[in-house]
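What you are looking at is a predicted structure, and each value in this text was computed from that prediction instead of being measured. Numbers restart at 1 for each chain; the letters A, B, ... are given by sequence-line order, proteins then strands.
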Amino acid sequence: MEGLTLSDAEQKYYSDLFSYCDSESTKKVAAHGRVLELFRAAQLPSDVVHQIMELCGATRLGYFGRSQFYIALKLVAVAQSGFPLRVESINTVKDLPLPRFVASKNEQESRHAASYSSDSENQGSYSGVIPPPPGRGQVKKGSTSHDTVQPRTSADQQEPVSPVVSPQQSPPTSPHTWRKHSRHPSGGNSERPLAGPGPFWSPFGEAQSGSSAGDAVWSGHSPPPPQENWVSFADTPPTSTLLTMHPASVQDQTTVRTVASATTANEIRRQSSSYDDPWKITDEQRQYYVNQFKTIQPDLNGFIPGSAAKEFFTKSKLPILELSHIWELSDFDKDGALTLDEFCAAFHLVVARKNGYDLPEKLPESLMPKLIDLEDSADVGDQPGEVGYSGSPAEAPPSKSPSMPSLNQTWPELNQSSEQWETFSERSSSSQTLTQFDSNIAPADPDTAIVHPVPIRMTPSKIHMQEMELKRTGSDHTNPTSPLLVKTSDLSEENKINSSVKFASGNTVDGYSSSDSFTSDPEQIGNNVTRQRSHSGMSPDNTAPPPPPPRPQPSHSRSSSLDMNRTFSVTTGQQQAGVVAQPPAVPPRPQPSQAAGPVVHRPVDADGLITHTSTSPQQIPEQPNFADFSQFEVFAASNVNEEQDDEAEKHPEVLPVEKASDPASSLRVAKTDSKIEEKTAASAPANVSKGTTPLAPPPKPVRRRLKSEDELRPEVDEHTQKTGVLAAVLASQPSIPRSVGKDKKAIQASIRRNKETNTVLARLNSELQQQLKDVLEERISLEVQLEQLRPFSHL
Amino acid sequence: MAVCVAVIAKENYPLYIRSVPTENELKFHYMVHTSLDVVDEKISAMGKALVDQRELYLGLLYPTEDYKVYGYVTNSKVKFVMVVDASNTALRDNEIRSMFRKLHNSYTDVMCNPFYDPGDRIQSSRAFDGMVTSMMIQVC
């Protein structure tokens, strides 16, 4: 901008105009408000005005500094004189008449403007002409505003015509619409500096053209202060404060205004209102909004549902399109409901819209839902749009100045998270794990509640354990997808599994491989798992929760590796959470059992060590067998094994210390073996077989083993019967409830079956306990005899 | 990235369709229309039992010599169809997916607006327009 030389008259005129526009005395004039009015009053085409603004640098700065303002005024004069607008013309054009701002204020102004050029002593009259800025300072300058109102009023009414910028004339109906609203002056929000167009007019030219284009929009200008507009659809009675506060409104309400007067009054109002952030909600306005909010939603912390809000805002008679846009702006969190802040923002936007202000593209900062604190007027007067009614300091608004954009930035994050969520759901939906998981949750059986089967540490071999678990989990995974079938097949599987327990490692391997063949029938495995689970529930030492459901075959590689780790690392029957995503972890029961076995045996009986060790290896390989369906068959086939298993299982109390179920059971097996030297050999295989017999629920095989041992000692037959019962029960075990996921009836049926199995097993348990006691008594008697015999042997 | 973006309602009428203005837009409209058949075919192929497992993203519906058409369907049978330039080889499937996701999110936001009548044309949402513009401007 070049240096501006002003004549004295110009100087005075300009300074007066500047001070008029600069109602806030900040030495800066926002590029809206009065300046806009002024320029429009200059009767210049909008593009010229735009050009002027650009030339003077206001658009660059965003506001009019004094120099910019002066330059702009000069350019106005230049333009009005018909000279081309050039920056140079500021100084080159001599003897420019003072810029004329016609009808921008009132006749007095124009008269004074004219007089300025000729007269230098216009200040007084000029100041009188220029309507004082009642807008913002209405409250503070009530008295002055009243004074000014008078002359203005008269002036307004005197003003015959509004030759002003076309837009002002466009809506002849504006007064009517406005008057309609004026009937319902709202209460309390008179202070609203609605007129402060603020950021509205930043697209200066646009505003003008837009306003000219939209009659309905423009009519908003003429209507009385926004308060009345609110009331129009809020139907609240006017308040006297409104009248006093806003002189223009007083006029509006009381006078029948001509188009011109209406427009001029509107203009005045607009000019008088502050050019501060028009989006700032004053206290009264906010209070009004809050009251309105309460009528819909008494709880200030609650939400207004979308439908209620829709009805409410529809009353404002704004077009749906605009209401939709207002909603888009104000519903910050896009939840279809309005919080108090959002509601206030929406209400404010509606009011603004009704008063003719174009809706912003983005939510102004002052309307952004922030803290619930009332507005902080500290930043009033700053650049429009920066004031936050929440009282956030000026720094905060700038950070959010791209109001919506900043929010939009957070939204993308949220959206991304939601996208990720979507992705997850999509992924999971595409994979079968999700459904499997759901079906795994299906069983309501308390024993099976822990969806994932607990691998029974029947066999000492870790590898086998792992394989078994893998197989099991794999089959479990396929479980949910496969319908609940195979009750009968389960039976056979169980038998196979049980039988596999008896076999040596080689058998277990075979059994295991055979179990692989059954992976396609997850239910069976699930049944086994279920049974194991129930066993675990019943077994006092079984602390390990059922392992997670079997994983699908393809994922076995990963799960297997993990299982390996877990198998080797877990020494207690820990439960790998039944999370489908995780590879089923097989509680390394066999290991602890094996380890515990020897340990237990050592203190108990040194002799038993040998037998124990002999049994343990057998047990280890057998453990995986319990998952093997083929073992079930074998189990069913051989009763002896069952007996042995029963014996083994019957010694849980003997080794209470030994932790978890299967390990303990295996321990017991070993222990009983040690006790029963003569039966060791027999019991060993029996234990193994027994242990693996109840493959379905991991503990079951263990119990079987114990049972078999017990039976071995006292009476094989009894145990055999019992184990046979157990086997039968297990055999009849229904398919894994997990697979029932999709079939409620099947689930219930499986639940029923599981419960039956539970009762049977409980009974069996009690019986075995009894047998154990008997066996112990026998043992004691035997020991006594032994002691008695010994001295003789030494003789 | 997209040359044309369309939102088709459940009843197979367009809720929103926008193309890069330089081209003959009618051609794009026609492509979208023909792609609806492919979308329906893909939907039905999923099977009734696996509705919940059905992937929302349908992928490449069909390619032409100049363009490729991608599809996406929501659980409420609202379809999003996107036509991209076939010469844009840098466009990966993931990007298409993310674009559809953004579309879906914006569409959801439009739905949440109580002033929007489901079944109406989406003409009121500037956010939606902006989002689509961002997707399309990249082509140019």
Problem set entry | Set of side chain to side chain contact (heavy atoms under 4.5 Å, CB included) partners for B:Tyr30, sequence neighbours left out | B:Thr34
Seminar exercise, completed: Here the pair of heavy atoms bringing B:Pro114 nearest to A:Trp327 is CD-CE2, 3.0 Å
Problem set entry | A:Glu311: partners by side chain to side chain contact (heavy atoms under 4.5 Å, CB included), with sequence neighbours left out | none
Exercise. Going by heavy atoms in the side chains, are A:Phe313 and B:Phe115 under 4.5 Å from each other?
Worked result: yes
Exercise. Taking everything shown except B:His29 itself, do over 12 heavy atoms lie less than 6.0 Å from its NE2?
Worked result: yes
Exercise. So, does A:Glu328 use its side chain to make a donor-acceptor pair with the main chain of B:Asn113 at under 3.5 Å?
Worked result: no
